[in-house]
Amino acid sequence: MFKWMMSMIIIVFIISVEMNNSQLTALANPVLAYSNAELDKLKSVADFNIFTPSFSIQNYKLEIKEPYPFNPDQEISKIRLHFFDESGKSYLFGVEEHKAVGYKINRDIITIDVRNHTSTTRTVIENFKFSERGEIININGIEGRFEAWVNHVPGGYLRWIHNDTFIEIDSGELTKDQMIALAKSMNENRIN
């Protein structure tokens with residue numbers, strides 16, 4: 001029973017840490033992009049090919065969330081783009097991209113000692129591994145995976161690998177079918 005309770009406490013703590021990390025990222029001051037110029041700068045320093053929706057970004061507000069701060073003199077290994085409606089107030093979807101092979105992720109392992117009221121955190125660097133959870137979705141002949149939100153709102157996560165680039169779309173506004181159509185519209189923007 002004690003081991004089960006400790007496991008639950010650790011799981012809740014890890015989820016809490018992940019949510020707090022996401023909130024901290026959201027507090028960063030992103031770059032608002034009103035033209036393709038900012039995306040072109042990203043493409044020129046990315047170590048992977050960037051994919052973007054085929055629609056014109058003039059119909060949406062695009063926020064370059066990551067890298068932040070963006071320094072065009074440094075190579076980037078991951079991007080995160082947020083797309084809002086024309087007013088810039090309603091978040092529609094986000095796109096995260098990085099290399100599918102040779103990309104390293106940092107994972108925090110938190111150990112809690114309830115008896116001594118202490119905790120330790122250590123960071124482990126691991127090779128990125130594509131998650132095969134979720135429903136299989138065909139995206140222009142490529143196998144992707146869709147995971148719906150737990151609370152039954154529209155959307156969820158849709159991820160796939162295209163030409164050695166990992167792409168993940170998340171949305172709480174778009175339906176599963178709209179997300180699939182969006183994924184099928186993604187065009188590769190070659191590195192210069």
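Since the structure is predicted, the reported quantities are computational estimates derived from the model, not experimental observations.
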Do Trp149 and Tyr157 have ring centres separated by under 6.0 Å? yes
Are any side-chain N or O atoms of Asn140 and backbone N or O atoms of Lys184, one a donor and one an acceptor, separated by less than 3.5 Å? yes
First locate atom NE2 of His82, then atom CG of Leu92, and finally report the distance between them rounded to the nearest 0.5 Å. 11.5 Å
For the CE atom of Met179 and the CZ atom of Phe146, what is their distance to the nearest 0.5 Å? 5.5 Å
Are a donor atom and an acceptor atom from the side chains of Ser77 and Asp47 found within less than 3.5 Å of each other? no
Ile169 versus Leu174: any side-chain heavy-atom pair under 4.5 Å? no
For residues Glu97 and Asn49, report the shortest heavy-atom separation together with the two atoms involved. OE1-O, 3.9 Å
Are Thr120 and Ile110 side-chain neighbours, meaning at least one heavy-atom pair lies under 4.5 Å? no
Between CD1 on residue Ile76 and NZ on residue Lys41, distance to nearest 0.5 Å: 12.5 Å
Contact between Met186 and Trp160 at the side-chain level, heavy atoms closer than 4.5 Å - yes or no? yes
For Glu75, salt bridge (Lys or Arg N to Asp or Glu O under 4.0 Å) partners two or more places apart: none
Is any side-chain heavy atom of Ile139 closer than 4.5 Å to a side-chain heavy atom of Leu158? yes
Nearest-0.5 Å distance, CD of residue Glu126 to OG1 of residue Thr123: 11.0 Å
Tell me every residue that passes salt bridge (Lys or Arg N to Asp or Glu O under 4.0 Å) with Lys176, counting only those two or more places apart in sequence or in another chain. Glu135
Looking at every non-hydrogen atom in both residues, tell me the closest pair between Lys99 and Phe128 and how far apart they are. O-CD2, 4.4 Å
About how many Å separate OG1 of Thr52 and CD1 of Ile79, when rounded to the nearest 0.5 Å? 8.5 Å
Counting C-beta onward and ignoring hydrogens, is there a side-chain heavy-atom pair between Thr165 and Ile50 closer than 4.5 Å? no
Check whether Asp85 reaches the backbone of Ser87 with its side chain - one donor and one acceptor, N or O, closer than 3.5 Å. yes
Could you note down all residue pairs passing salt bridge (charged side-chain N to carboxylate O under 4.0 Å, His left out) where residues 153-169 supplies at least one of them, sequence neighbours left out? Glu147-Arg159
Side-chain heavy atoms of Pro53 within contact of Asn187, under 4.5 Å: no
Distance-only, no hydrogens or angles: does the Arg145 side chain make a donor-acceptor pair with backbone N or O of Glu132 under 3.5 Å? yes
Could you tell me the separation between the NZ atom of Lys78 and the CZ atom of Arg80, rounded to the nearest 0.5 Å? 8.0 Å
Side-chain contact test, heavy atoms from C-beta onward, threshold under 4.5 Å: evaluate it for Val95 versus Phe83 and give yes or no. yes
Are Ile142 and Leu182 grouped together when hydrophobic residues (ILVMFWY) are joined by side-chain heavy atoms under 4.5 angstrom apart? yes
Non-hydrogen side-chain atoms of Tyr91 and Ser171 separated by less than 4.5 Å: no
Would Phe48 and His98 count as a close aromatic pair, with their ring centres under 6.0 Å? no
